[in-house]
Amino acid sequence: MKLFLDTANIQEIRQGAKLGVVTGVTTNPSLAAKEGIGRREGYKAAVQEIADIIDGPISVEVVSQDAAGMIAEGREISEWIRQPWVKIPSTLAGFEAMSTLSRDGIKINQTLCFSVNQALLGAQAGATVVSPFVGRLDDIGHDGMALVADIVAIYRRHNIKTLVMAASIRHTRHCVAAAQAGADISTVPYPVLVQMAQHPLTDSGVARFLQDWQKAGGR
Ligand code: E4P
């Protein structure tokens with residue numbers, strides 16, 4: 001399972017890139033707004049900066065509600081960087097846009113996916129990757145990870161090539177469960193990536209090795 005960073009924060013992306021464990025980045029309008037980006041030009045510049053840091057797929061979301069607008073935005077976004085994944089919501093207009101853009105060879109991240117049916121439609125419409133939103137389903141008392149597992153199983157059974165990206169990840173247990181469910185990718189907020197590295201026994205182990213080494217006069 002590959003790891004993407006779910007952020008539009010350049011510092012977080014630089015930090016993540018230094019670790020060498022991040023393959024791609026997902027952004028969305030809320031994440032962009034959090035970084036004070038509220039305009040198309042600002043979003044474009046930020047996405048280009050991200051693409052300079054991470055040599056992998058960068059997801060950029062459309063904001064139009066109608067298919068024609070999504071298609072126009074998708075075509076524009078696809079020119080911004082080398083590996084764009086245009087994020088399109090799982091709506092009727094979205095599926096229409098996905099079909100048109102995927103026929104043009106543009107890579108699509110089907111976002112805001114909350115059901116197997118939506119994932120089946122996205123696959124037919126040519127989505128490169130589908131993003132089931134785990135945390136948001138958990139928030140309303142559903143089992144978000146069960147959706148990831150169902151989509152993975154059904155895609156495999158029907159030999160569907162669309163990748164599955166666990167999104168709306170809230171904590172490290174989600175990362176483990178996504179890997180167990182067979183997700184191809186998990187897109188994680190930076191604090192969760194940091195937590196993935198942490199274990200108290202690693203910290204105390206490092207401290208003890210150093211102590212013993214110093215006791216023995218080690219340098
Ligand atoms: C995925 O691509 C989305 O950007 C993201 O995971 C949304 O998650 P949230 O529920 O934390 O906003």
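Atoms within each ligand, like the ligands themselves, are counted from 1 in listed order. Start at 1 with the first residue, then count along the sequence.
Atom 5 (C) of ligand 1 has as its closest protein heavy atom Asp6 OD2, 2.9 Å. In terms of protein heavy-atom proximity, atom 8 (O) of ligand 1 is closest to Ser168 CA, 3.3 Å. Given atom 2 (O) of ligand 1, the protein heavy atom at minimum distance is Lys87 NZ, 2.6 Å. Regarding atom 7 (C) of ligand 1, its nearest protein heavy-atom neighbour is Phe133 CE2, 3.5 Å.
In this structure, a donor-acceptor pair under 3.5 Å is absent between the side chains of Thr172 and Gln195. There is no side-chain donor-acceptor pair under 3.5 Å between Ser59 and Thr26.
Pro29 and Val63 make their closest contact through CG-CG1, 3.7 Å (heavy atoms, listed as atom of the first residue, atom of the second, distance). When all heavy atoms are compared, the tightest approach of Ile54 to Thr23 is CG2-O, 3.8 Å.
The shortest heavy-atom distance from Thr111 to ligand 1 is not under 4.0 Å. Heavy-atom separations between Met165 and ligand 1 are all 4.0 Å or longer.
Between Lys44 and Glu79 no salt bridge is recorded (no basic side-chain N to carboxylate O distance below 4.0 Å).
Side-chain contact between Ser131 and Cys113 is absent, with no heavy-atom pair separated by less than 4.5 Å. Side-chain contact between His174 and Ser186 is absent, with no heavy-atom pair separated by less than 4.5 Å.
Residue contacts with ligand 1, taken as heavy atom pairs separated by less than 4.0 Å, do not involve Ser131 at all.
Within ligand 1, counting atoms from 1 as listed, the ones closer than 4.0 Å to a heavy atom of Arg136 are 7 (C), 9 (P), 10 (O), 12 (O). Against a heavy-atom cut-off of under 4.0 Å, Arg170 is close to the following atoms of ligand 1: 9 (P), 10 (O), 11 (O). For ligand 1, the atoms sitting less than 4.0 Å from at least one non-hydrogen atom of Ala167 are 1 (C), 6 (O), numbered in the order shown with element in parentheses.
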